[in-house]
Amino acid sequence: MKLKFCGLTRKQDILAANAARPDYVGFVFADSRRRVTEEQAARLRAQLAPGIQAVGVFVNDEPERIAALVNAGVIDLVQLHGGENRAYLDRLRGMTGAQVLYAVRVGAYADIERVKDYPVEFLLLDASIKGVCGGSGHTFDWSLIGAVEKPYFLAGGLNESNLPLALRTGAYALDLSSGIETDSVKDETKMRRVAALVRGEQP
Ligand SMILES: O=C(O)c1ccccc1N[C@@H]1O[C@H](COP(=O)(O)O)[C@@H](O)[C@H]1O
């Protein structure tokens, strides 16, 4: 199973990720305490080990800005976390061929069913918390997932304790942000332990 660490903001977060070796790291460009500027993201990306892909996290942002970040090599994949509509997706598709992770806030299976034909490579299933787009640190009821045709990233409140169950959901990848933080900053030890668990190693 693949692994994504999201919301990296500092050089030491990148160095910790390079050591733990997730498959993806995420830079949040949306309104968030984890938000990075384009310049910060470019600097962080330059220090990222080859083989780890960078995902840009956006909430209803300008497709032109997203495409420019892809074209500049700052990000490899695009995570849309704002319930962007089909017309938006078509516009973005016309500007970049980057793979898209489409976030679904799951309150019922119908939320997943509704977007099943969207032109995206991956779904990202997250908790549905009123007034919060993402990075809430809350899980949702994974029994709601049911049959999902597209590969999906499982997100929302994942941490070392619930990882063994998360590994059995059939997700393509596990996505953690709050669960690899201590006092709201990324924690190198948690990253290392989570990466070991996902690989079936002793943490
Ligand atoms: O992390 C954020 O601050 C954020 C802001 C806006 C949209 C998405 C955001 N993060 C994504 O939220 C999920 C779940 O994170 P958590 O583990 O529950 O903290 C994850 O996909 C992040 O990429």
Side-chain angles (χ1 to χ4, degrees), residues 1-10 13-14 16-17 20 22-37 40-41 44 48 52-62 65-66 69 75-84 88 98-107 111-112 115 120-142 145 148 150-163 165-167 169 171-187 190-191 193-195 197-198:
M1 192 177 286
K2 307 276 187 202
L3 177 64
K4 172 170 171 266
F5 287 157
C6 202
L8 277 54
T9 58
R10 309 170 305 162
D13 301 341
I14 296 291
D23 301 281
Y24 307 91
V25 296
F27 300 134
V28 178
F29 293 94
D31 189 19
S32 163
R33 65 179 172 80
R34 304 181 179 102
R35 180 179 211 151
V36 288
T37 63
Q40 278 174 303
L44 294 172
L48 191 64
I52 303 178
Q53 294 194 283
V55 181
V57 181
F58 304 91
V59 173
N60 289 304
D61 213 321
E62 288 301 322
R65 179 183 185 222
I66 298 176
L69 284 161
I75 56 171
D76 304 297
L77 294 91
V78 178
Q79 178 174 329
L80 300 176
H81 228 97
E84 289 80 354
Y88 178 101
Q99 292 189 313
V100 174
L101 286 62
Y102 188 86
V104 183
R105 293 194 256 164
V106 184
D111 298 320
I112 303 172
V115 300
V120 298
E121 282 73 19
F122 303 100
L123 297 181
L124 185 149
L125 307 182
D126 195 1
S128 178
I129 308 292
K130 206 171 174 339
V132 182
C133 275
S136 67
H138 289 272
T139 51
F140 67 97
D141 178 359
W142 299 337
I145 296 174
V148 186
K150 288 216 166 97
Y152 67 89
F153 285 62
L154 182 66
L158 298 182
N159 57 46
E160 211 185 312
S161 333
N162 57 26
L163 221 56
L165 273 181
L167 283 164
T169 55
Y172 166 80
L174 300 182
D175 184 353
L176 294 88
S177 187
S178 308
I180 48 165
E181 290 176 347
T182 299
D183 297 332
S184 299
V185 288
K186 290 295 180 274
D187 181 322
K190 287 185 180 172
M191 286 193 202
R193 290 177 65 86
V194 163
L197 279 170
V198 169

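We use all heavy atoms of the structure for the numbers below, so side chains are in, but hydrogens, waters and symmetry mates are not. Just follow the structure's listing: the first ligand is 1, and inside any ligand the first atom is 1. These numbers were taken from a predicted model, which means no experiment stands behind them.
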Quiz item: What do we get for Arg33 next to ligand 1 when only non-hydrogen atoms under 4.0 Å count, side chain, backbone, both or neither?
Solution: neither

Self-check item: Shortest non-hydrogen separation from Val59 to Cys133 and the atoms involved
Solution: CG1-SG, 3.8 Å

Self-check item: Distance in Å, Arg193 CZ paired with Ile180 CD1, rounded so as to fall on 0.5 Å steps
Solution: 14.0 Å

Quiz item: Is the backbone N or O of Asp61 less than 3.5 Å from a side-chain atom of Tyr88, with the two atoms forming a donor-acceptor pair by type?
Solution: yes

Quiz item: Regarding Lys4 and Ser177, is there a side-chain donor-to-acceptor distance under 3.5 Å anywhere?
Solution: no

Exercise. Give the atoms of ligand 1, by number and element, whose distance to some non-hydrogen atom of Ser32 is under 4.0 Å.
Key: 2 (C), 3 (O), 5 (C)

Quiz item: NZ of Lys2: more than 12 outside heavy atoms within 6.0 angstrom?
Solution: no

Quiz item: Do you know the tightest heavy-atom contact between Ala127 and Ser136?
Solution: CB-OG, 4.3 Å

Quiz prompt | Ser136 heavy atom under 4.0 Å from ligand 1 | solution = yes

Quiz item: Which residue supplies the protein heavy atom nearest to atom 10 (N) of ligand 1, what is that atom called, and how far is it?
Solution: Gly135 N, 3.3 Å

Practice problem: Find all atoms of ligand 1 within a distance of less than 4.0 Å from any non-hydrogen atom belonging to Cys6, and give their numbers and elements. | Solution: 22 (C), 23 (O)

Quiz prompt | Val57, any N or O under 3.5 Å of ligand 1 N or O | solution = no

Exercise. Check ligand 1 against Gly157 and write out every atom of the ligand that is under 4.0 Å from a heavy-atom position of the residue.
Key: 16 (P), 17 (O), 18 (O)

Quiz item: Of all heavy-atom pairs between Leu197 and Leu167, which one has the smallest distance, and what is that distance?
Solution: O-CD1, 3.9 Å

Practice problem: Could you list which atoms of ligand 1 come closer than 4.0 Å to a heavy atom of His81? | Solution: 7 (C), 8 (C), 11 (C), 12 (O), 21 (O)

Practice problem: Output yes when the distance from some N or O of ligand 1 to some N or O of Asp31 is under 3.5 Å, and no in every other case. | Solution: no

Quiz item: Closest non-hydrogen protein atom to atom 17 (O) of ligand 1, residue and atom name please, with distance?
Solution: Ser177 N, 3.0 Å

Quiz item: Donor-acceptor pair, Asp76 side chain versus Ala54 backbone, under 3.5 Å?
Solution: yes

Self-check item: Numbered atoms and elements of ligand 1 in range of Leu124, under 4.0 angstrom, heavy atoms
Solution: 21 (O)

Quiz prompt | Numbered atoms of ligand 1 (with element) below 4.0 Å of Ser178, judged on heavy atoms | solution = 16 (P), 17 (O), 19 (O)

Practice problem: Determine, using heavy atoms of Glu181 and all atoms of ligand 1, whether some pair is separated by less than 4.0 Å. | Solution: no

Quiz item: Where does the angle between the aromatic ring planes of Phe58 and Phe29 fall among parallel (under 30°), tilted (30 to 60°) and perpendicular (over 60°)?
Solution: parallel

Quiz prompt | Exercise: identify the closest heavy-atom pair between Gln40 and Arg35 | solution = OE1-O, 4.4 Å

Quiz item: Starting from atom 20 (C) of ligand 1, which protein heavy atom do you reach first, and at what distance in Å?
Solution: Asp175 OD2, 3.6 Å

Self-check item: Asp126: numbered ligand 1 atoms lying under 4.0 Å from its heavy atoms
Solution: 12 (O), 13 (C), 14 (C)

Quiz item: Between Gly137 and ligand 1, is there a nitrogen or oxygen pair with a distance under 3.5 Å?
Solution: yes

Quiz item: Looking at Asn162 and Gly157, what are the two nearest heavy atoms and their distance?
Solution: ND2-O, 2.9 Å

Quiz prompt | For atom 2 (C) of ligand 1, the option (of Lys4, Arg105, Arg34) bearing the nearest heavy atom | solution = Arg34

